[in-house]
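As the structure lists them, so they are numbered: ligands from 1, and atoms in each ligand from 1.
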Amino acid sequence: MRQRSAIRPSAIRLSALVALACSLIGATLPAAAQERVLNLYSARHYQTDEALYANFTKATGIRINRVDADDAGIVTRLKSEGSASPADVILLVDAARLWRAEADGLFQPVKSAVLESRVPTTLRGRDSGQGSEWFGMSTRARVIVYNKRSVKKDDVDTYEELADPKNKGKVCTRSGSHPYNLSLFGSVMEHLGPQATEAWLQGVVANMARQPVGGDTEQIKAVASGECQIALTNTYYLARMMRSERPDDRAVVEKIAMVFPNQQSWGTHVNIAGAAVAKYAKHRDAAVNFLEYLASDQAQAYFADGNNEWPAVKDVRIANPALDAMGPFKAETIPVSVVGMNQSKVQQILDRVGFK
Ligand code: FE
C-alpha cells in the first residue's frame with residue numbers, strides 16, 4: 001500500500017511532465033513543421049524540375065508540395081482561395097501574366113539582397129521601395145520565323161515589317177490577346193508610341209494569311225506547310241522543334257529560318273518565366289529561400305534548360321545546341337514590367353483594329 005501510494009504521486013508527476021512536454025512540443029512542432037514545407041503553384045512542368053526541387057529539399061530539408069496547373073488555372077485558383085490559399089510560391093510565364101497577377105494583389109513584395117544582386121532590374125517587377133513582387137528566372141525571345149523559299153530575311157528582320165504591304169497575305173500569328181503577343185505589342189508601344197503602334201497592328205491584321213488560331217508551334221508548322229510565310233514564335237518552341245528527332249518536326253525545321261528582329265534598332269523582345277511569393281504565404285521565409293535558390297547558378301541552369309531558355313542571371317552558362325545555333329543577339333533593354341503594364345492599352349487597340 002505504501003509503495004503504491006509512493007508510486008502514485010510520482011506517476012502523477014511523471015504524467016504531468018509528459019503532458020507539459022507534449023504541450024511544449026505541441027506548441028513548437030507545428031512551427032517547425034511549417035518551416036519544412038513549401039507549397040508551390042507552378043505553370044511550368046518539365047523533366048528537369050524534379051532535380052531542381054529535389055536539390056532544394058536536399059539542401060534545406062524543406063519539402064515541396066506542387067500544384068501543377070496552367071497559368072490561367074493558377075490565377076483562378078489563387079483568387080478563389082483568397083486569404084485561405086496555401087500557396088507560398090507561384091511560377092508564371094510571361095511578364096503580361098506576372099504584371100496582371102501583381103495588379104490583382106496575388107503577390108507580396110520581397111526584399112532580398114541575393115535576388116537584387118542576381119536578377120537584373122529589367123527582369124523584375126517594379127520596386128515600390130519594399131522590393132519587387134516578382135523575379136524573372138529565365139528568358140526567352142520572341143522572334144520571327146519565315147519560309148526559306150518564299151521570303152527574304154531582309155523583308156522580315158524587323159517587327160515593323162510584319163505590317164509592311166510587301167508582306168500582304170503572308171503573316172500568321174496566335175491570338176493577339178495571348179500574353180506573349182500582349183507583351184510584344186506592349187514593347188512595340190513603348191518604342192513607337194500608341195498611335196504608331198495602332199497603325200502597325202492595323203497593318204499586321206491587313207497582312208494576315210488567316211485568322212489567328214493555335215499556339216506558336218502551329219504557326220511554325222503553318223510557315224513550313226506554306227499556309228502562311230511569316231510568323232512570330234517564342235524561341236523555346238523553335239528550339240524544341242530543332243532538337244526533336246521526329247521526322248515531321250525535322251521536315252518542318254528544314255523549310256524555315258528564323259531571325260532576331262530589330263537588331264539594328266532597339267533589339268529583340270525578351271520575356272521571362274518568373275517566380276513570386278504569394279500574398280498569403282504561410283511559409284514566407286521558406287518561399288524567399290526558394291526564390292533565392294532559383295537564382296543560384298545550379299538552379300538557373302536547370303530552370304533554363306528544362307524549357308530551352310536562357311538563364312535570367314548573367315554569367316550562368318548553359319549548353320543548349322538549339323539556342324547556340326540561333327546565335328547571340330541584341331535584346332531590348334526596357335523593363336519587362338513596363339511591357340506588362342502596357343497590356344490594357346494594347347488590348348484596347350487590338351479590339352479597335354480587329355486583331356482577334
Ligand atoms: Fe509557352
May I ask you to say whether [X] pairs ionically with [Y], meaning some side-chain N is under 4.0 Å from a carboxylate O?
X	Y	result
Arg250	Glu254	no
Arg142	Asp216	yes
Lys279	Glu133	no

| Which residues pass the ring-ring contact (aromatic ring centres under 6.0 Å, His included) test with His45, sequence neighbours left out? | none
| Residues that Phe355 engages under ring-ring contact (aromatic ring centres under 6.0 Å, His included), provided they are two or more places apart |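 Counting only residues at least two positions away or on another chain, Phe355 forms a ring-ring contact (aromatic ring centres under 6.0 Å, His included) with Phe185.
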| query | Considering residues at least two apart in sequence or located in another chain, which fulfil the salt bridge (Lys or Arg N to Asp or Glu O under 4.0 Å) criterion with Lys356? | reply |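 Testing Lys356 for salt bridge (Lys or Arg N to Asp or Glu O under 4.0 Å), a comparison that skips the adjacent residues, returns none.
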| Which residues and atoms, counting only protein N, O or S, are under 2.8 Å from the Fe ion (ligand 1)? | Tyr180 OH, Tyr236 OH, Tyr237 OH
